[in-house]
Amino acid sequence: MATLRGLRETPRHLLVCEKSNFGHDKSRHRHLVETHYHNYKVSFLIPECGILSKELKNLVMETGPYYFVKNLPLYELITHEFINTFVKKGSCYALTYNTNIDEDNTVALLPNGKLILSLDKDTYEETGLQGRPSQYSGRKIMKFIVSIDLMDLSFIMDSKKYERISWSLKEKKPLKFDFLLAWHQTGTEESVMMSYFSKYQIQEQQPKVAVSTLRDLQCPVLQSGELRGEAEASCSAPELFDWLGAVFCGVDPNNEPNNFISTYCCPQPSTVVEKAYLCTVTGFIVAEKICILLEQLCHYFDEPKLAPWVTLSVQGFADSPVSWRESEHGFQKGGEHLYTFVIFNNLDYWLQMAVGANDDCPP
């Protein structure tokens, strides 16, 4: 019975909302974007817009490429050549593909050079690596987290520590995964990664772009200084968060009597916009490209616009070992970790950060 009750419970989630201005010295918008590493979906919504500007359109088409490598040995990511070629000379991202964080061994490479291994108990013991129990293991520890600093290893390639890690991953317990890889360095040919891993099955991928124009969209009324909303004057940040989720999922927020799929309705007060532009990019998207897109959306209001605000939403991979920075991430009943910027025409912004059951509070 206890198990059945647990299944009926609504999954716990945490939503953190704050407001600031992009011009403030202490605004942390860039740091937050840069430390949310493994992103699979980026969406932006622009009310009162039917055609995207040339600058934004070009940015959307330049969010790739990324790479899919099949059966890549894990030890390839700790070699001297890999560290010097990619880790030291740019921002290198990697994430195991089609692995479940709660059940399988998963690996992530962060752009700061940290290699994070989330290993089951048997694999962890067989590798002999030093780590710590997962903070979401429960009474019976079944998962362990190992963190390897590749930047630190690069200075001590002849040390016993490097030899032990290399022997463990290459001989004692060889591990192979399908990986998503991305590398960001300004002014460098993107084909470098293709040639580097040419002896493996590697494919170059481009993010998928979906665009649509939403007609007669009912939008909540927002006031940049009222994060909690004001009765009969403006809606709150949590209300907007729910509304955006409905829009991105294609849910009609009008609560029509004959709609048997959803009874959701737009929060009040609201206004109807003639058209709104929705763009969604799906793939393996590096944080640097999202920073550029956020900056360009801020410039959207350089010239007077009818839109009072625009939004940018970013969702992380549900089965990534980390959410923000090196904070451990789990799935359990929901693996969400995402954030949304609401950018107002005076460059105030709301920041919404959400995580699921197995996550620390967002930074």
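FYI, side chains are in, hydrogens and waters are out, and symmetry mates aren't considered; it's all heavy atoms of this structure. None of the values given here were measured: they were computed from a predicted structure.
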Evaluation steps, ring pair (Phe, Tyr, Trp, His ring centres under 6.0 Å), between Phe68 and Tyr97: CA-CA 8 Å; Phe68 174 67; Tyr97 180 73; 5.4 Å; yes

Side chain Lys173, main chain Thr123, donor-acceptor under 3.5 Å: no

Residues Tyr93, Leu180; criterion side-chain contact (heavy atoms from CB on, under 4.5 Å); working and verdict: CA-CA 8 Å; Tyr93 301 78; Leu180 297 177; over 6 Å; no

Check: Pro269 and Cys235 side chains under 4.5 Å, non-hydrogen atoms: yes

Spacing of NZ belonging to Lys275 relative to CG belonging to Leu214, to within rounding of 0.5 Å: 12.5 Å

Considering all heavy atoms, the nearest Leu244-Ser313 contact: CD1-OG, 4.3 Å

Within-4.5 Å side-chain heavy-atom neighbours: Asn105 and Leu117: no

Backbone of Val107 reached by a side-chain donor or acceptor of Thr96 within 3.5 Å: yes

Cation over ring face, Lys143 and Tyr136, 6.0 Å, 45°: no

Cluster link Val286 to Leu297, ILVMFWY, side chain under 4.5 Å: no

Asn100 (side chain) donor-acceptor with Asp102 (main chain) under 3.5 angstrom: no

Matching residue for Glu34 among Arg30, His36, His31 - test: side chain to side chain donor-acceptor pair (under 3.5 Å): Arg30

Val281 side chain reached by Leu293 side chain, heavy atoms, under 4.5 Å: no

Tyr66 and Phe284 aromatic ring geometry - parallel, tilted or perpendicular at 30°/60° bounds: perpendicular

Separation between OG of Ser147 and CD of Glu326, rounded to the nearest 0.5 Å: 5.0 Å

Co-membership, hydrophobic cluster, residues Met194 and Phe179, 4.5 Å side-chain: yes

Short side-chain donor-acceptor distance under 3.5 Å, Tyr37 and Ser320: no

Euclidean distance, Asp178 CG relative to Asn71 CG, rounded to 0.5 Å: 5.5 Å

Any donor-acceptor N/O pair, Tyr196 side chain to Phe82 backbone, under 3.5 Å: yes

Donor-acceptor contact present, side-chain Asn39 to main-chain Ile285, <3.5 Å: yes

Any side-chain heavy-atom pair of Pro321 and Ile101 under 4.5 Å: yes

Flag, side chain of His329 to backbone of Gly335, donor-acceptor distance under 3.5 Å: yes

Approximate separation, where rounding is to 0.5 Å, of Leu175 CG and Leu77 CG: 11.0 Å

Short side-chain to backbone donor-acceptor contact, Gln135 and Glu328, under 3.5 Å: no

Modelled atom types, side-chain donor and acceptor of Asn21 and His24, under 3.5 Å: no

Linked, directly or transitively: Ile116 and Leu74 (ILVMFWY side chains, under 4.5 Å): no

Residue pair His80 / Tyr162: nearest heavy atoms and the distance that separates them: N-OH, 3.9 Å

Hydrophobic cluster identity match, Leu129 and Ile83, side-chain contacts under 4.5 Å: yes

Parallel, tilted or perpendicular: rings of Phe197 and Tyr200 (30°, 60°): tilted

Donor-acceptor contact below 3.5 Å, side chain Trp243 vs main chain Pro220: no

Pairwise distance CD(Glu18) to OG(Ser27) - rounded to 0.5 angstrom: 8.5 Å

Chi angles and distances behind the side-chain contact (heavy atoms from CB on, under 4.5 Å) call for Asp152, Lys161: CA-CA 10 Å; Asp152 181 51; Lys161 180 180 179 181; 3.6 Å; yes

Trp309 side chain near Cys219 side chain, heavy-atom distance below 4.5 Å: yes

In one Ile/Leu/Val/Met/Phe/Trp/Tyr side-chain cluster, 4.5 Å: Phe317, Leu115: no

Tyr40 OH to Leu338 CG distance, which is reported to the nearest 0.5 Å: 8.5 Å

side-chain contact (heavy atoms from CB on, under 4.5 Å) between Leu14 and Met353, intermediate numbers included: CA-CA 8 Å; Leu14 179 64; Met353 299 169 284; over 6 Å; no

Student check: side-chain heavy atoms of Asp120 and Asp104 closer than 4.5 Å: no

Heavy-atom side-chain proximity of Pro308 to Leu222 below 4.5 angstrom: no

Donor-acceptor pair, side chain of Gln268 and main chain of Cys266, under 3.5 angstrom: yes

Crowding at CZ, Arg228 (>12 non-hydrogen neighbours, <6.0 Å): no

Stepwise side-chain contact (heavy atoms from CB on, under 4.5 Å) test for Asp319 and Thr106: CA-CA 8 Å; Asp319 288 293; Thr106 59; 5.5 Å; no

4.5 Å side-chain heavy-atom contact, Met193 and Glu204: no

Among Phe301, Trp350, Tyr300, the one residue meeting ring-ring contact (aromatic ring centres under 6.0 Å, His included) with Phe344: Trp350

Distance-minimising heavy-atom pair for Leu56 and Gln296: CD2-CG, 3.6 Å

Donor-acceptor pair, side chain of Gln352 and main chain of Thr340, under 3.5 angstrom: no

Nearest heavy-atom neighbours spanning Cys279 and Val209: SG-CG1, 4.1 Å

